[in-house]
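Read through the structure below, which is laid out as structure tokens, and then see the notes.
Quick note on labels: first sequence line is chain A, next is B, and so on, each numbered from 1.
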Amino acid sequence: MSTKITEKVWSSEIEKRILDDWEKDNVFVNNDNFKENENYYIIDTPPPYPSGKPWHIGAAAHYSQIDMIARVARSNGFNVVFPIGIDRNGIPVEIYTEKKYKIRMRNMDRKEFLKLCEHTLDETEKEFIEILKSLGISANFKDTYHTDSTEYRTLTQSTFIEMWKKGLIYLGDRPSNYCIDCGTTIADSEITYLDKETKLVYIKFFLKDSTEFIIIATTRPELLFACQAIIVNPEDKRYRDKQGKNLKIPIFDREVKIINHKSVDPNFGSGAVMVCSYGDLNDVQLFRELHLEEIKSINPNGKTTKHAKQFSNLSLKEARNKIIEELQDQGLIEKIEIFSHRTPICERSKTPIEIISLEDYYLKQVDFKSELFEYSEKIKFYPEMHRQILLNWLNSISIDWPISRRRYYGTEIPIWYCKKCKYPNIPEPGRYYRPWEEEPPFDKCQNCNNDEFEGEERIFDTWMDSSISPLYITKFNKNDNFYKKTYPTTIRPQGKDIIRTWLYYTMLRCLYITEQLPWKNAWIMGYGVDDKGEKMSKSKGNVIDPLPIIKKYGADTFRLWSASEANLGYDFRCSEQKIINSQKFLSKLWNIGRFISNFELIDEANKPQKLNSTDKWILAELDNLSKKCNEGYNELNFFIPSNSIREFTWNIFAAHYIELIKPRVYNESKDEERKSALYTIHKCFKSILLLLEPICPFITYELWTKIYLDKKIINQKMFPKINNDFQEMALLTQRIIQFNSEIWNRKKETISNITNKPLSLKDPIKITIPNELELFSSDLIAMHNII
RNA sequence: GGAUGGAUAGUCUAGUGGUUAAGAUACCUGUCUCACACACAGGUGAUCGAGAGUUCAAAUCUCUCUCCAUCCA
């Protein structure tokens, strides 16, 4: 009798060897050729963005769980397509590259800059893929796609052209969010908010031809010259007699009217507010509503326009300081207060957003809102509660999606403008176009027959690329057969923080192109938060790097922790203590395996005729475990199986069952009873391994192959069958645990008169076995040495 | 201001009407008992955020309030 497992402890070193095995055997290369009637399962994996280090522990947990989805689907007999892509377009890499090389994008040759970005991406991507692989992600790494590849960008452009032809794209000149640092228009979804301290300046505005003045409180004195109205609350008694009168704008010598508007809060500042183009979104609305004429105040380079007169061509900060200075000199400032105010900032560069009017391309979405609501109802959400995030977002959409960006590292907008008539000429879809450096693919303007063109220099918002991932992975426009079998895809797994972007935009884009939803299910995971329960962010400095943790504890420990930490959809706390707990369970499992591997395998083929009652009892509990796991796996909630497996394996199977049958398996004289125990213990252990495989693929693989010497490895097997044979036996579980505990307690309380210490567990004891446990009496007597 | 989720032993979580509220961890006390000291056995510890209501019965349902987290104004 000897163990088949030589290593005394489970360690991450063993995982590395297993990874090599898998790589050699090509275990997870996706199968492109679906057979007739085969069930398939397509995962629209989020393409991670390699935007520098460190990576986020929540993201590593996220990908671990997506892998569990894939493994569960395989265990349920599906042919799984699990692609992996890397999202590489957009502003983050540009900003990261600028910092890394200490350069400015706009002071550089475009081509040179693109090369540097690519280099940066290649570097970070490499490390990234290594982490994913070391986590045991069973995706198709041989075929990793990149959103900045020629092939991907071709698809981005051709789907754009298709939408253009459907009349869904238009050029709009209207106020939009603009990031001065990034030098581009950005979408609402790219804005976050930050509480910032700012000056609230109280300025005197004199009434026309009068020495009477009113006080205007503003946080944007630099926009004084773009003021087109003063608004007050109609209920406000202070201004009741002034309504409709004209006020003189200080310094700039222009007149504006005092207008009633109920949006004004009489308690804020002085109760009188200046309306400028544009201090904030509210101003935009007021300009529209009151039919005010826009005064352009800020240039795309972030400097004041000519309308600022002597203050023109200044940065906003300079303009603000100089205007305040001038107002002070003229004695027009009553006071200045400091107050904290929620400021919209650019998600990427953290610069405050300005609202300026620029020409940009828009994709229609407002007209389509009611249909989008209808389609949203057809997606199954895991968990259901997160559907609301999408619905809230849909509700709040008020303008179309600006899709053009004045940046470099992204997919080019494929348009050439006629030099003579400015008509936008669109090429035929099918290849990748770079209008800023390429000759146009046509000789004459489609509008005026002129033969000179100017290429578009702008690129797309990155969500234009990532929002077609379901089309790309199903080989849309490339392999019709494959596409027909795989689209719509089965599931979109993603974080709840990008519902209003990735999930929403994917829905929109794919509906425009295919008139079908891109997936049937959306699986939404919560954030990884710190040990206080607060969201991790770089600015807070509480981001945990997953790499050292994975290295220290191993992938399976990390995965088990991730699965058992929180219910699906809820945020999960990251604490090292919890990770250590998972490691302890794997160690327990390893040792159970070492024990079991001492004994010969009795399987279905040589199953004993008669099973002992104790064996029937644990098989009943095993069935219950399988059911519980199935429930959890069906809901794609790995919290349920991970915790039930732990509970069963440690607190029932190891603590009570194994102790009960030890005497039998060591006693070779009673062959039938021994065989019954060995059959059962192997059956239980095999089931535990099968059930745990999606969560901990490494240790289950190792134990399976070592103990069962099975050619067909565990990750190609199905979940255990549920037999429902001895269900009523499971009712006795609590009684068994209670009785064992009673005896252990009794022994502990009894002081031996030989050693003067409590009785040891193998010392004999006199006790009556209760009637309902009579079934197990022979095992109980042997286990406790009952006399 | 609006939305979503949460408030259960020192800490983290499970528990959607019914006997002594479950588990993990921490803590205390024993034990190297032939798979495991990364273990085993035992123990201390919660009037389930506050208040009111429904009910024979509430951590669980309803209402009000307080606090926390996240998102949107």
For A:I596 and B:C36, what is the distance between atoms CD1 and C1' respectively, to the nearest whole Å?
12 Å

Rounded C1' spacing from B:G15 to B:U60 in Å
9 Å

Select base, sugar-phosphate, or nothing to describe what A:E742 touches, counting heavy atoms under 4.0 Å on all strands.
nothing

Can you tell me how far P of B:G15 sits from CG of A:N567, to the nearest Å?
6 Å

Relative to the 5' end of RNA chain B, which residue comes earlier, A:N581 or A:K8, by the nucleotide with the nearest heavy atom?
A:N581

Provide the distance between the two C1' atoms, one in B:A58 and one in B:G1, to the nearest whole Å.
33 Å

Between A:K748 and B:G43, is there a side-chain N or O to OP1/OP2 distance below 4.0 Å?
no

For A:S741, report the nucleic acid contact type (base, sugar-phosphate, nothing); a contact means any heavy atom under 4.0 Å.
sugar-phosphate

A:R500 side-chain proximity, nearest of B:C36, B:G23, B:C71
B:C71

Donor-acceptor side-chain pairing of A:T506 and A:R492 below 3.5 angstrom:
yes

Is it the case that A:K380 places NZ or CZ above or below the six-membered ring of A:Y382, under 6.0 angstrom from the centre and within 45 degrees of the axis?
yes

Closest nucleotide of RNA chain B for A:V529 versus for A:A654: which of these residues is on the 5' side?
A:A654

To the nearest angstrom, how far is A:L589 atom CG from B:A39 atom P?
13 Å

Give me, pair by pair, the N or O atoms of the protein and of nucleotides 10-12 of chain B that are less than 3.5 Å apart, along with how far apart they are.
| unit_1 | atom_1 | unit_2 | atom_2 | d |
| --- | --- | --- | --- | --- |
| B:C12 | O2' | A:K578 | NZ | 2.6 |

According to a strict under-4.0 Å criterion, is A:N745 in side-chain N/O contact with OP1 or OP2 of B:G43?
yes

Could you check how far CD of A:Q388 sits from P of B:A3, rounded to whole Å?
10 Å

A:D556 side chain to A:I699 backbone, donor-acceptor under 3.5 Å
yes

Looking at A:K588, does any N or O in its side chain come under 4.0 Å of the phosphate oxygens OP1/OP2 on B:C40?
yes

List the residues meeting salt bridge (Lys or Arg N to Asp or Glu O under 4.0 Å) with A:D400, not counting sequence neighbours, and say none if there are none.
none

Quiz question: by atom type and distance under 3.5 Å, do the side chains of A:E621 and A:Y657 form a donor-acceptor pair?
no

Partners of A:E635 by side-chain hydrogen bond (donor to acceptor under 3.5 Å, both in side chains), sequence neighbours excluded?
none

Considering every strand and a 4.0 Å limit on heavy-atom distances, what is the contact class for A:K532: base, sugar-phosphate, or nothing?
nothing

For the rings on A:Y708 and A:H682, is their centre-to-centre separation under 6.0 Å?
yes

State whether A:N643 places a side-chain N or O below 4.0 Å from either non-bridging phosphate oxygen (OP1 or OP2) of B:A22.
no

Expected rows: protein N/O vs nucleotides 5-8 of chain B N/O, under 3.5 Å:
| unit_1 | atom_1 | unit_2 | atom_2 | d |
| --- | --- | --- | --- | --- |
| B:G6 | OP1 | A:Y570 | OH | 3.3 |

When the C1' atoms of B:A46 and B:A59 are compared, how many Å lie between them, rounded to an integer?
11 Å

Separation of A:I688 atom CD1 from B:A35 atom P, in whole Å?
17 Å

Which one, B:C38, B:C36, B:C71, comes nearest to the side chain of A:R594?
B:C36

Between B:C36, B:U13, B:C34, spot the one nearest the side chain of A:Y666, thanks.
B:C34

Rounded to the nearest angstrom, tell me the gap between atom CH2 in A:W744 and atom C1' in B:G43.
16 Å

If I pick the C1' atom on B:U16 and the same atom on B:A24, what distance separates them, to the nearest angstrom?
23 Å

Looking only at the side chain of A:K535 (C-beta and beyond, no hydrogens), which of the listed nucleotides B:A24, B:C71, B:A41 gets closest?
B:C71

Taking only N and O in the side chain of A:W650, is any of them less than 4.0 Å away from OP1 or OP2 of B:C38?
no

Check the distance between B:U4's P and A:W393's CH2 and give it to me in whole angstrom.
18 Å

In whole Å, what separates the C1' atom of B:A57 from that of B:G17?
7 Å

Please name all residues satisfying salt bridge (Lys or Arg N to Asp or Glu O under 4.0 Å) with A:R664, sequence neighbours left out, ordered by chain then number.
A:D615, A:D779

Taking the C1' atom of each, how far is B:U44 from B:C27, in whole Å?
8 Å

Quick check for you: among B:C38, B:G23, B:A41, whose closest atom lies nearest to any side-chain atom of A:N651?
B:G23

Classify the ring geometry between A:F638 and A:Y633 as parallel (under 30°), tilted (30 to 60°) or perpendicular (over 60°).
tilted

Separation of B:A73 atom P from A:D280 atom CG, nearest Å, is 12 Å

Roughly how far apart, to the nearest Å, are B:C61 and B:C48 at atom C1'?
16 Å

Taking A:I661 as the fixed residue, which of A:N612, A:I681, A:I618, A:L678 is the one that meets the side-chain contact (heavy atoms from CB on, under 4.5 Å) rule?
A:I681

In whole Å, what separates the P atom of B:C28 from that of B:G45?
16 Å

Heavy-atom closest pair (A:S64 atom, A:A60 atom, distance to 0.1 Å) is OG-O, 2.8 Å

May I ask you to decide whether A:E631 forms a salt bridge with A:K628, counting only side-chain N to carboxylate O separations under 4.0 Å?
no

For RNA chain B, list all stems, counting runs of three or more consecutive pairs where every pair is Watson-Crick or G-U wobble with both distances under 3.5 Å.
B:1-7 with B:66-72, B:10-13 with B:22-25, B:27-31 with B:39-43, B:49-53 with B:61-65

Hey, are A:R17 and A:E7 close enough for a salt bridge, meaning a charged N less than 4.0 Å from a carboxylate O?
yes

Taking the ring of A:W561 and the ring of A:F558, is the distance between their centroids below 6.0 Å?
yes

